[in-house]
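Here is the structure we will look at, set down as structure tokens.
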Amino acid sequence: MLEVKGIKKSFKNNEVLKGISFSVESGETAVLLGKSGAGKTTIMRCINGLETFDEGELIIDGQEIKTPSDMKKIRGKIGMVFQNFNLFPHMTVMENIIESPVNVFKRDREESIGKARELLKMVDLEDKEDFYPFQLSGGQQQRVAIARSCALMPRVLCFDEPTSALDPETVNKVVDIINKLKKSGMAILIVTHDVMFAEKVADKKITVKDGYIDSIEEK
Ligand SMILES: Nc1ncnc2c1ncn2[C@@H]1O[C@H](COP(=O)(O)OP(=O)(O)OP(=O)(O)O)[C@@H](O)[C@H]1O
Ligand SMILES: [Mg+2]
């Protein structure tokens with residue numbers, strides 16, 4: 001589903017990624033591990049098109065991506081949940097979830113609302129659709145962010161440090177949600193420093209070191 005082939009990326013004369021290759025299959029959860037500054041977030045940003053890369057290619061859902069313009073081919077096929085959730089503060093939970101499907105992808109509003117309700121049920125927040133983000137706990141906001149990133153039914157879903165602000169019980173909820181998404185056939189890529197969390201969700205552990213992949217451990 002996701003293939004990363006020989007990705008290189010420099011910021012000025014700092015070569016952060018020196019040739020990164022790995023793959024994540026449909027229905028698989030891969031975890032990216034490595035020291036602070038190793039390049040994990042940069043890898044994820046390259047996959048999401050938030051950052052360009054200098055060399056190499058991505059293959060996402062069978063589409064080759066080499067240049068920023070190739071990213072158009074896979075619009076909506078990759079979702080990302082950011083560390084700070086990035087919810088729109090002036091929009092309700094429901095409006096946050098349907099914003100991109102309705103306004104960007106021009107999907108039917110009623111259908112999008114129906115889909116959003118299913119997603120809110122999946123993350124256990126079906127009673128919160130009219131709440132604003134500030135009325136929710138951090139863990140609830142995180143789950144809204146997950147529901148929002150699933151609204152376009154992406155084939156690949158990326159999480160950057162999804163548990164860093166969560167208590168252990170809420171982390172277990174996130175584990176359950178990730179396992180449900182995995183069963184639905186998504187390829188899931190997670191950056192985390194949380195070793196216990198990684199143990200619970202990972203089918204594959206990928207360690208990044210000095211700009212290279214240091215090891216790939218399949219479970
Ligand atoms: N926009 C940028 N401009 C210049 N340098 C950058 C930029 N983004 C990242 N870097 C550099 O790339 C390197 C890797 O950063 P990255 O954020 O990918 O690390 P990370 O593995 O996610 O670390 P952490 O675990 O602390 O989040 C760092 O040395 C950082 O300074
Ligand atoms: Mg990071």
Side-chain angles (χ1 to χ4, degrees), residues 2-24 28-60 65-71 74 78-87 138-139 141-146 148-150 154 156-168 170-171 174-175 177-178 181 186-219:
L2 166 68
E3 234 185 299
V4 178
K5 288 170 108 177
I7 296 287
K8 296 188 181 180
K9 168 76 184 172
S10 297
F11 293 103
K12 300 240 171 73
N13 52 12
N14 178 17
E15 193 176 30
V16 174
L17 306 180
K18 299 175 183 169
I20 295 287
S21 303
F22 65 87
S23 63
V24 189
E28 183 178 54
T29 302
V31 168
L32 271 182
L33 303 163
K35 282 193 194 138
S36 178
K40 306 178 297 295
T41 296
T42 305
I43 293 171
M44 204 163 256
R45 288 175 58 83
C46 288
I47 293 169
N48 279 279
L50 298 169
E51 199 70 77
T52 58
F53 45 87
D54 307 326
E55 275 181 59
E57 65 173 329
L58 303 170
I59 302 173
I60 293 168
I65 319 280
K66 287 183 179 159
T67 64
S69 71
D70 291 340
M71 276 287 167
I74 51 140
I78 308 186
M80 173 135 185
V81 181
F82 295 91
Q83 185 167 10
N84 53 3
F85 321 143
N86 280 12
L87 296 174
Q141 289 183 40
Q142 169 72 312
R143 272 137 64 207
V144 173
I146 295 172
R148 185 179 61 175
S149 66
C150 292
V156 180
L157 189 56
C158 298
F159 293 83
D160 198 358
E161 305 273 0
T163 63
S164 57
L166 306 181
D167 63 81
T170 312
V171 170
V174 174
V175 171
I177 293 167
I178 287 170
L181 294 172
M186 278 184 195
I188 297 174
L189 180 65
I190 304 174
V191 169
T192 187
H193 288 283
D194 184 339
V195 179
M196 295 271 283
F197 171 67
E199 264 324 304
K200 283 184 193 159
V201 290
D203 298 311
K204 190 187 252 178
K205 289 196 246 175
I206 303 164
T207 307
V208 186
K209 191 179 168 188
D210 302 330
Y212 296 100
I213 299 293
D214 192 47
S215 66
I216 297 182
E217 185 192 327
E218 306 249 8
K219 287 217 292 192

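Whatever order the structure lists them in is the order used to number ligands and atoms, beginning at 1. Numbering starts at 1 and runs along the sequence shown. As a basis for the values below, the full set of heavy atoms in this structure was taken, side chains included, without hydrogen atoms, waters or symmetry mates.
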Closest non-hydrogen atom pair between F197 and D194, with its separation: N-OD1, 3.1 Å
For a quick test of your reading: what N or O donor-acceptor pairs under 3.5 Å do the side chains of residues 210-219 make, sequence neighbours left out?
unit_1, atom_1, unit_2, atom_2, d
S215, OG, T207, OG1, 3.4
K219, NZ, E199, O, 2.7
K219, NZ, E199, OE1, 3.3

Residue pair I60 / I78: nearest heavy atoms and the distance that separates them: CD1-CD1, 3.2 Å
Short side-chain to backbone donor-acceptor contact, N14 and S10, under 3.5 Å: no
Sidechain-backbone polar pair: Q142 side chain, T163 backbone, donor-acceptor under 3.5 Å: no
Sphere of radius 2.8 Å around the Mg ion (ligand 2) - protein N, O or S atoms inside: T41 OG1
Give a table of atom pairs where an N or O of ligand 1 lies under 3.5 Å from a protein N or O.
unit_1, atom_1, unit_2, atom_2, d
ligand 1, 18 (O), T41, N, 3.4
ligand 1, 18 (O), T42, N, 2.9
ligand 1, 18 (O), T42, OG1, 2.6
ligand 1, 19 (O), G39, N, 3.4
ligand 1, 21 (O), A38, N, 3.2
ligand 1, 21 (O), G39, N, 2.9
ligand 1, 21 (O), K40, N, 2.9
ligand 1, 21 (O), K40, NZ, 2.8
ligand 1, 22 (O), T41, N, 2.9
ligand 1, 22 (O), T41, OG1, 2.8
ligand 1, 23 (O), G37, N, 2.8
ligand 1, 25 (O), K40, NZ, 2.7
ligand 1, 25 (O), H193, NE2, 2.8
ligand 1, 26 (O), S36, OG, 2.6

Qualifying salt bridge (charged side-chain N to carboxylate O under 4.0 Å, His left out) pairs with a residue from residues 36-55, counting only residues at least two apart or across chains: K8-E55, K9-E51, R45-E51
Exercise: identify the closest heavy-atom pair between I7 and G56: CD1-C, 4.0 Å
D160 vs F82 side-chain heavy atoms within contact, under 4.5 Å: no
Test item: N48 side-chain N/O and M44 main-chain N/O as donor-acceptor pair under 3.5 Å: yes
